[in-house]
Amino acid sequence: MTVRILLCDDHAVVRAGLLALLGSEPGIEVVGEAGSGEEAVAMAAKLKPDVVLMDLQLGPGIDGAEATRRIAALPDARAHVLVLTTYDTDADITRAIEAGATGYLLKAERPEELFAAIHAAAQGRTTLSPPVAGRVMDRMRGAARPALTTRELDILGQLSHGLGNREIARALFISEATVKTHLGRIYAKLGVDTRAGAVAVAKEQRLLP
């Protein structure tokens with residue numbers, strides 16, 4: 001099956017490069033090019049492509065995330081939006097996925113990865129660049145665990161300096177029993193059972209300065 005593609009990027013040079021690249025791949029046909037979010041929405045409604053290859057930053061007008069949302073809301077919407085961008089911040093990823101993007105690829109990916117992602121998107125399957133997948137998983141892991149309180153973070157900070165319960169109690173002007181209670185809660189929230197484990201996970205999740 002030939003996958004019909006609509007390109008959306010505000011840089012003509014980028015569109016030309018993608019057009020040449022995709023034109024060399026059997027089973028992929030570029031049916032249209034858009035230079036703005038508004039143009040992409042209109043062309044998606046008219047051409048009914050299988051996949052819209054969408055950049056996020058599109059200059060004046062609506063951005064790629066908003067264009068994605070509008071394309072997903074079109075009557076009889078059939079196009080799957082595959083984001084292809086240089087931006088991989090948490091905010092960009094979240095907005096695009098919440099808007100309805102099927103996949104999120106970085107422009108640094110190899111051509112064969114792009115081709116595979118296009119075919120996957122045409123079938124409604126999700127494809128994420130490894131750095132993007134890592135960020136998504138980190139956010140999911142963080143959301144799955146209760147947040148540490150300010151006092152728990154204080155104690156965690158003291159732990160990272162190698163202090164024992166008595167030293168922590170003196171430094172924070174609390175009792176040793178209170179320190180032990182907070183440590184138990186910290187271990188439970190971080191999914192660990194040792195002081196070293198708590199510090200290691202805290203550093204991994206950037207809970208410590």
Side-chain angles (χ1 to χ4, degrees), residues 1-140:
M1 182 189 75
T2 298
V3 179
R4 301 171 69 252
I5 300 285
L6 169 63
L7 300 179
C8 181
D9 195 295
D10 61 330
H11 293 98
V13 171
V14 174
R15 294 200 306 274
L18 285 171
L19 188 60
L21 177 65
L22 297 174
S24 69
E25 178 66 9
I28 293 178
E29 177 190 1
V30 178
V31 297
E33 301 176 47
S36 70
E38 290 86 351
E39 192 177 2
V41 175
M43 294 183 74
K46 178 182 178 181
L47 300 174
K48 301 190 184 310
D50 300 308
V51 174
V52 179
L53 213 51
M54 178 75 70
D55 193 10
L56 288 183
Q57 301 298 327
L58 298 173
I62 64 173
D63 63 8
E66 176 59 21
T68 297
R69 188 188 67 76
R70 295 188 188 185
I71 289 171
L74 288 172
D76 302 320
R78 58 171 287 179
H80 295 285
V81 177
L82 174 60
V83 171
L84 181 66
T85 186
T86 57
Y87 302 93
D88 65 345
T89 67
D90 288 350
D92 287 323
I93 296 167
T94 299
R95 285 193 67 227
I97 292 175
E98 289 180 347
T102 299
Y104 198 111
L105 226 59
L106 299 179
K107 288 181 177 178
E109 295 294 342
R110 295 173 299 173
E112 52 267 33
E113 297 292 339
L114 174 59
F115 300 150
I118 287 172
H119 285 288
Q123 299 173 33
R125 292 188 286 114
T126 299
T127 301
L128 302 174
S129 286
V132 175
R135 285 179 175 274
V136 170
M137 291 303 296
D138 286 345
R139 288 177 65 85
M140 289 178 65

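Closest heavy-atom contact between Leu74 and Ala45: CD1-N, 3.8 Å. Shown here for Ala99 and Ala65, the closest heavy-atom pair between the two residues is CB-O, 3.2 Å. Minimum heavy-atom separation, Leu47 to Gly32: CD1-CA, 4.1 Å. Residues Ala67 and Val41 come closest through the heavy atom pair O-CG2, 3.8 Å. Considering every non-hydrogen atom in both Ala121 and Leu82, the closest pair reads CB-CB, 4.3 Å. Leu6 and Ala40 make their closest contact through CD2-O, 3.6 Å (heavy atoms, listed as atom of the first residue, atom of the second, distance).
The side-chain heavy atoms of Ile28 and His119, taken from C-beta on, include a pair separated by under 4.5 Å. With a 4.5 Å cut-off on side-chain heavy atoms, Leu114 and Glu109 do not count as touching. Contact annotation: the side chain of Leu105 approaches that of Ser129 to within less than 4.5 Å [non-hydrogen atoms, C-beta and beyond]. Thr85 is listed as a side-chain neighbour of Asp55, based on a closest heavy-atom distance under 4.5 Å. Counting heavy atoms from C-beta on, the side chains of Gln57 and Asp10 never come closer than 4.5 Å.
Judged by distance alone, with hydrogens and angles left aside, the side-chain atoms of Thr102 form no donor-acceptor pair with the main-chain N or O of Thr126 at under 3.5 Å. Of the possible polar contacts, one joining the Ser36 side chain to the Glu39 backbone as a donor-acceptor pair under 3.5 Å is found.
Every side-chain hydrogen bond (donor to acceptor under 3.5 Å, both in side chains) that Asp92 has, sequence neighbours left out, goes to Thr89. Applying the side-chain hydrogen bond (donor to acceptor under 3.5 Å, both in side chains) test to Arg4 and every residue at least two apart in sequence or in another chain returns nothing.
In this structure, the separation between CG on Leu84 and CE on Met54 is 11.0 Å, given to the nearest 0.5 Å. Residue Ile71 holds its CD1 atom at 12.5 Å from NE2 of His80, rounded to the nearest 0.5 Å. Here CG of Leu22 is found 6.0 Å from CG of Leu7. Values are rounded to the nearest 0.5 Å. With rounding to the nearest 0.5 Å, the separation of CD1 in Ile97 from OH in Tyr104 is 8.0 Å. Within the model, atoms CD of Glu113 and CG of Leu106 stand 11.5 Å from one another, a figure rounded to the nearest 0.5 Å.
Of the listed residues (Leu19, Asp9, Leu53), just one forms a side chain to side chain contact (heavy atoms under 4.5 Å, CB included) with Glu33, and that residue is Leu19.
For residues 63-79, the side-chain hydrogen bond (donor to acceptor under 3.5 Å, both in side chains) pairs, not counting sequence neighbours, are Asp50-Arg78, Asp63-Arg95, Glu66-Arg69, Glu66-Arg70.
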